[in-house]
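To start, the structure itself, in C-alpha cells.
Chain identifiers are assigned alphabetically (A, B, ...) following the order of the sequence lines, protein sequences preceding nucleic acid strands; residue numbering begins at 1 within each chain.
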Amino acid sequence: MSKKVRVRFAPSPTGPLHIGGVRTALYNYLFAKKYGGDFILRIEDTDQNRLVQGTENYIIETLKWIGIEPNEGVGFGDGQFAPYRQSDRKDSYRQYAEQLLNAGFAYYAFDTETDLEQLKATHPNFKYDANTREQGKNSLTLSKEEVAQRLANNEHYVIRIKLPLDEDVKFHDEIRGHVTVNTSQMDDKVLLKSDGMPTYHLANVCDDYVMQISHVIRGEEWLPSAPLHVLLYRYLDWENSMPKFAHLPLLLKPDGNGKLSKRDGDRLGFPVFPLEWTDPISNEISSGYKQKGYLPESVLNMLAFLGWNPGTEQEIFSKEELIVAFSIEHIHKAGAKFDFEKAKWFNAEYIKKLSNEALASLVKETVTTKFGNQDDVYLTKALGLVKERFVFLNDVELFGYLFQPTEKYDVTILSKINNIKENFNVDAFADFLLQQTNTDLIAIETSLKEFATNNNIKVGDMMKFLRVSLVGELSGPTIPELIQLFGSEETNKRVKNCFSQL
RNA sequence: GGCCCGUUCGUCUAGGGGUUAGGACAGGAGAUUUUCAUUCUUCAAACACGGGUUCGAUUCCCGUACGGGCUACCA
C-alpha cells in the first residue's frame with residue numbers, strides 16, 4: 001500500500017557542496033537503499049543570479065567520489081522524470097501557479113521593489129500577508145480591467161500564494177514529531193518570480209509531486225517553510241500524495257556560533273568541502289577532504305555519525321553496513337558541532353584496515369612525484385612498516401627515508417647520538433652490516449646485539465645510532481625491520497654517511 | 001524583535017520514571033614495543049536552571065536561560 005521510496009537530494013549550484021550537504025545526500029542515499037528505493041539528484045537552479053560556474057559538476061563529482069551515486073538525475077542518467085535541472089523545467093511550473101490562481105489560492109502582485117521597500121519602511125516588521133496585502137498593488141486590490149491591462153502591457157509581476165488570516169497548519173515530521181504553525185506567522189510567499197522562474201517553494205513542491213518523491217529529507221533550515229509547502233500540496237489538491245518530511249539537525253561550526261557554511265572554507269583548520277575547490281572568480285583555493293588524503297569510506301562513515309547513531313556501540317561501518325543499520329528514528333534532534341579529531345581518527349582507522357597493496361596503489365602517485373619511481377613490491381613492503389602511523393594518505397610524505405637516504409643529517413639529532421663516536425669502530429661495524437645476509441628479523445636482532453657485546457658498545461647506543469642512520473630521526477619502525485627492508489648494502493651506506501657527519 | 005526547533009562528559013552520542021548514567025574521540029596514568037607509532041589496561045569527565053506531577057525524575061509537564069534556524073522576487 002505504501003508507495004515506493006523515492007528520495008531526492010536537491011542542492012542549488014550556488015557554490016561547492018559542503019560536508020553538511022554531503023551528509024544530507026548521504027542520509028537520503030542510505031534511506032533509499034535501505035528500502036530498495038530510488039535516490040535522485042535534482043539541481044535547483046532557479047536563482048539565476050547566484051549560479052556559480054562549475055558547481056553542478058562539483059556536486060556530481062563529489063557524489064561519485066564518496067560513493068553515493070543517484071540512480072536518476074543530472075549527471076547520472078535520465079529516469080522517467082527528466083529533466084532534473086529546474087531551469088530546464090521552467091515551463092512546467094507556470095501551469096501550477098495558474099492552477100492556484102484559478103482556485104483563488106494565489107494572486108498577481110505588481111509591487112515594485114521600491115513599493116515593497118516603502119511598505120517595509122512605513123510598517124515595522126512588515127510582511128506581505130492577509131492583513132497587509134490590501135495595501136499592495138495586486139489582483140486582489142486592483143480592478144479586473146487594470147490587472148488585465150497590466151498583464152497585457154507585460155508589466156513585471158510575481159504570483160504570490162494567498163494565505164488565510166489565522167489557520168493552524170499541522171504536519172508530522174519524522175524526526176521532530178508534530179509541528180504546528182499558524183498562518184498568521186507566515187507571509188504570502190512569492191511562488192513565481194518576475195523573471196518567470198519559480199521560487200524554491202513552488203518548484204520544490206511541484207517537482208517532488210511530479211517525480212513521485214515519497215520522503216523529503218532535508219536540513220532543518222527548511223523547517224519553518226514546511227507549513228507553506230504543506231499548504232501548497234493542499235491547494236494543488238495533492239495532499240494525498242504529499243511526501244513525508246524529515247528535517248535533519250544542522251552541522252554547526254566547531255568554534256562557536258552558527259551552522260557550518262561554505263564561507264568557512266579553511267578558516268576552521270579543516271576542510272569544509274569534500275573536494276578541493278577553486279573559486280572561478282577570485283581563484284581562491286579551498287582544500288578538500290580528498291586532496292587532504294582522506295579515504296572516501298572514512299568520510300562517509302564519519303559523516304553518517306554526525307547526527308545519527310546505530311543504537312549499538314559499533315562505530316566503524318562500511319557503506320553496506322550503514323544501509324542496513326540506518327533508520328530515521330535514530331537521527332538526533334540537536335545540531336552537531338563538527339569534530340575534526342574524530343574525523344582524523346576515522347581516517348586513521350580506515351587506513352589501518354587497508355591491505356599494504358591497497359595502500360601502495362593509493363599513495364603510489366605521491367611517492368613517485370616526491371621520491372621517484374619505486375618498485376611495487378618494495379613500495380608495498382615499505383608501507384607495511386609505517387601503515388599504522390598514517391592519519392592521512394598524504395602522510396606518506398613523512399616517510400621519505402623509506403625511499404631515499406638522508407643526505408644531510410640534522411645536527412640536533414646527531415648531537416643526541418654523538419657519544420657513540422669514542423671507541424666505535426665504524427668500519428668494522430659497516431663491514432659487519434654488509435655481511436648480514438640473514439633476513440630473519442630475530443636473527444638480525446640477535447646478531448646486532450652480539451656485535452654490540454663483542455665490541456663493548458651499549459646496545460641502546462648502537463640502536464640509536466643505527467636508527468638515526470637509517471631514518472634520520474629518533475623514532476620509526478624497528479631496526480631489524482628497516483635492515484630487512486633496505487638490505488645490507490643500503491644499510492651499510494647509510495651508516496657510513498651518518499657516521500661521517502658526527 | 002517575532003515565530004519555530006533544540007539542550008546528557010570538552011566533542012560525537014547511548015539510555016530513559018528507580019541505572020555504579022554506557023560507548024567513542026580528545027586528555028591523564030601505566031603495560032608492551034630497548035625508540036616512536038600501534039595495541040592493551042586504567043583514570044578523570046555529563047543529565048542547563050527553577051517549579052510542578054510522582055513514593056521516586058536526568059527521563060513527563062510548565063517556565064527561565066542558553067544554543068540554533070527562519071523571518072528575500074536565496075536556496
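Near RNA chain B, defined here as any heavy-atom distance below 4.0 Å, the residues from residues 43-58 of chain A are A/Glu44, A/Thr46, A/Asp47, A/Arg50, listed numerically.
Each of A/Asp339 and A/Lys120 was matched to the nucleotide of RNA chain B holding its nearest heavy atom; the match closer to the 5' end belongs to A/Asp339. Ranked by how close their nearest RNA chain B nucleotide is to the 5' end, A/Lys342 and A/Gln185 are led by A/Gln185.
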Show the distances under 3.5 angstrom between N or O atoms of the protein and N or O atoms of nucleotides 39-50 of chain B.
{"residue": "B/U39", "atom": "OP1", "partner": "A/Lys352", "partner atom": "NZ", "Å": "3.3"}

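The aromatic rings of A/Tyr401 and A/Phe399 sit perpendicular to each other, their planes meeting at more than 60°, with 30° as the lower class boundary.
Counting heavy atoms of neighbouring residues, nucleotides and ligands inside a 6.0 Å radius, atom NZ of A/Lys193 exceeds 12 of them.
Considering only residues two or more places apart in sequence or on other chains, A/Asp188 meets the side-chain hydrogen bond (donor to acceptor under 3.5 Å, both in side chains) condition with A/Tyr107, A/Arg133.
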Given the rule in the salt bridge (charged side-chain N to carboxylate O under 4.0 Å, His left out) test, do A/Glu167 and A/Arg234 qualify, once you have shown the distances and angles that lead to the verdict?
CA-CA 13 Å; A/Glu167 185 183 312; A/Arg234 187 174 301 162; 3.4 Å; yes
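If you check every strand for non-hydrogen atoms under 4.0 Å, A/Lys259 touches sugar and phosphate atoms only.
As rounded to whole Å, 7 Å separates atom P of B/U7 from atom NZ of A/Lys333. One atom, CH2 of A/Trp345, and another, P of B/C25, lie 5 Å apart when rounded to the nearest Å. Taking atom CD1 of residue A/Ile175 and atom C1' of nucleotide B/C4, one finds them 15 Å apart after rounding to whole Å.
With C1' as the reference atom, B/G10 and B/G28 are 14 Å apart, rounded to whole Å. For B/G68 and B/U8, the P atoms lie 14 Å apart once the distance is rounded to whole Å.
Side-chain nitrogen and oxygen atoms of A/Asn309 include at least one within less than 4.0 Å of the OP1 or OP2 phosphate oxygen of B/A14.
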